[in-house]
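See below for the structure under consideration.
Computed from a prediction, not measured in an experiment: that's the story for all the values here.
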Amino acid sequence: MKIATWNVNSLRARADRVEDWLRRTDVDVLAIQETKCKDENFPWEMFENNGYEVAHFGFSQWNGVAIASRVGLDDVERTFAAQPAFGKDDKDPIQEARAIAATCNGVRVWSLYVPNGRSLSDPHMPYKISWLAALKEHAVSGLSSDSAAQIALMGDWNIAPRDEDVWDIDYFLNEGLTHVSAPERAAFHAFEAAGFTDVVRPFTPGPGVYTYWDYTQLRFPKKQGMRIDFILASAALAARVTGAAIDREERKGKGASDHAPVVVELG
DNA sequence: ATGGTCGCGGAGCGA
């Protein structure tokens, strides 16, 4: 079985590209982030025509997550317990469309779009940290009730946990940029301490291996990217992993997402 | 191996 995650940066703008990719790669489960649409604009037929069931969680042009599967899609869960709400200025805080889960052939799959943080001093940053803490508690509860649970936490984590996960760590630190700060990294490492491991890195060692390249500043041709999309697996799932890859080719050409798909093969 | 961003929505925000 092959499972994958991909921040597509608008599913409507990328539907043809996603369809081509599904046909080419033959993945069984795809966790999608940034669908950027409501249900009424979701390309349901594209998935059905290719043999995938799909569950979507999106209610505006922002965020939006989905899971497509051709090996079953059961017990769909939208948001997680105690997921923090966020609202800017005078707007009422809401639980944003950043998390959806489903059970696919025995694996509890999460499609996650972690808040960006925006800047170190922005209210979005404490939101990001508390969002991750609540997600970790929820993931841990899934393991405490069943230590053999196969759980895949997949998505755009918006964190570069190691210095080699950005093209120039000094640039990020000197500019005071997000994604590399100590609190963000601590929030990520808490998942590892809780028993979830990055099952992709062993098959895609760095430095210079990334999953995201900003559209601006010619970041992709200059090979200036960031590794911020991860598949974290519980122990029982990690034991099944036989391979992994980052599909850098998919970042090329006109109409590409700024993120590459990340794929894990299970035995 | 691209071409000094892109997507949504219809201005400006978010990434």
Open item on the list: Please compare A:Phe220 and A:Gln217 by the position of their nearest nucleotide in DNA chain B and report the one closer to 5'.
Closed with: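 Result: A:Phe220.
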What is the separation between atom [atom1] on [X] and atom [atom2] on [N], rounded to the nearest whole Å?
X	N	atom1	atom2	result
A:Lys254	B:dC6	NZ	P	7 Å
A:Trp213	B:dC6	CH2	P	16 Å
A:Arg251	B:dT2	CZ	C1'	10 Å
A:Arg17	B:dC6	CZ	P	12 Å
A:Arg248	B:dA1	CZ	P	5 Å
A:Ile32	B:dG7	CD1	P	17 Å
A:Phe59	B:dC8	CZ	P	18 Å

Work out how far the [atom1] atom of [N] is from that of [M], and round it to whole angstrom.
N	M	atom1	value
B:dG3	B:dG9	C1'	27 Å
B:dC6	B:dT2	C1'	15 Å
B:dG4	B:dC8	C1'	23 Å

What contact category does [X] fall into here, base, sugar-phosphate, or nothing, at under 4.0 angstrom with non-hydrogen atoms?
X	answer
A:Lys252	sugar-phosphate
A:Arg14	sugar-phosphate
A:Arg12	sugar-phosphate

Quiz prompt | Results of ring-ring contact (aromatic ring centres under 6.0 Å, His included) for A:Phe172 - residues two or more places apart only | solution =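 A:Phe172 satisfies ring-ring contact (aromatic ring centres under 6.0 Å, His included) with A:Trp167 only.
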Results of ring-ring contact (aromatic ring centres under 6.0 Å, His included) for A:Phe57 - residues two or more places apart only: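 If we apply the ring-ring contact (aromatic ring centres under 6.0 Å, His included) test to A:Phe57, skipping adjacent residues, the hits are A:Phe59.
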Which atom pairs link the protein and nucleotides 12-15 of chain B when you take only N or O atoms and keep those under 3.5 Å?
unit_1	atom_1	unit_2	atom_2	d
B:dG14	OP1	A:Lys88	NZ	3.3
B:dG14	OP2	A:Lys88	NZ	3.0
B:dA15	OP2	A:Arg118	NE	2.6
B:dA15	OP2	A:Arg118	NH2	3.4

Pair A:Phe80 + A:Trp131: ring centers closer than 6.0 Å =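 Centroid separation for A:Phe80 and A:Trp131: below 6.0 Å.
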| Does the pair A:Lys2/A:Asp28 count as a salt bridge with the N-to-O cut at 4.0 Å? |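 A salt bridge is absent here (no side-chain N lies under 4.0 Å from a carboxylate O).
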So among A:Asn9, A:Asn7, A:Asn63, which one has a side chain to side chain donor-acceptor pair (under 3.5 Å) with A:Glu34?
->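 So, applying the side chain to side chain donor-acceptor pair (under 3.5 Å) to A:Glu34 and each of A:Asn9, A:Asn7, A:Asn63, only A:Asn7 qualifies.
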Q.
Distance alone, cut at 3.5 Å: any donor-acceptor contact between the side chains of A:Trp6 and A:Asp247?
A.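 Side-chain D/A pair, A:Trp6 to A:Asp247: absent.
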Exercise. Is the number of heavy atoms from other residues, nucleotides or ligands within 6.0 Å of NZ (A:Lys38) greater than 12?
Worked result: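 Counting other residues, nucleotides and ligands, NZ of A:Lys38 stays at 12 neighbours or fewer.
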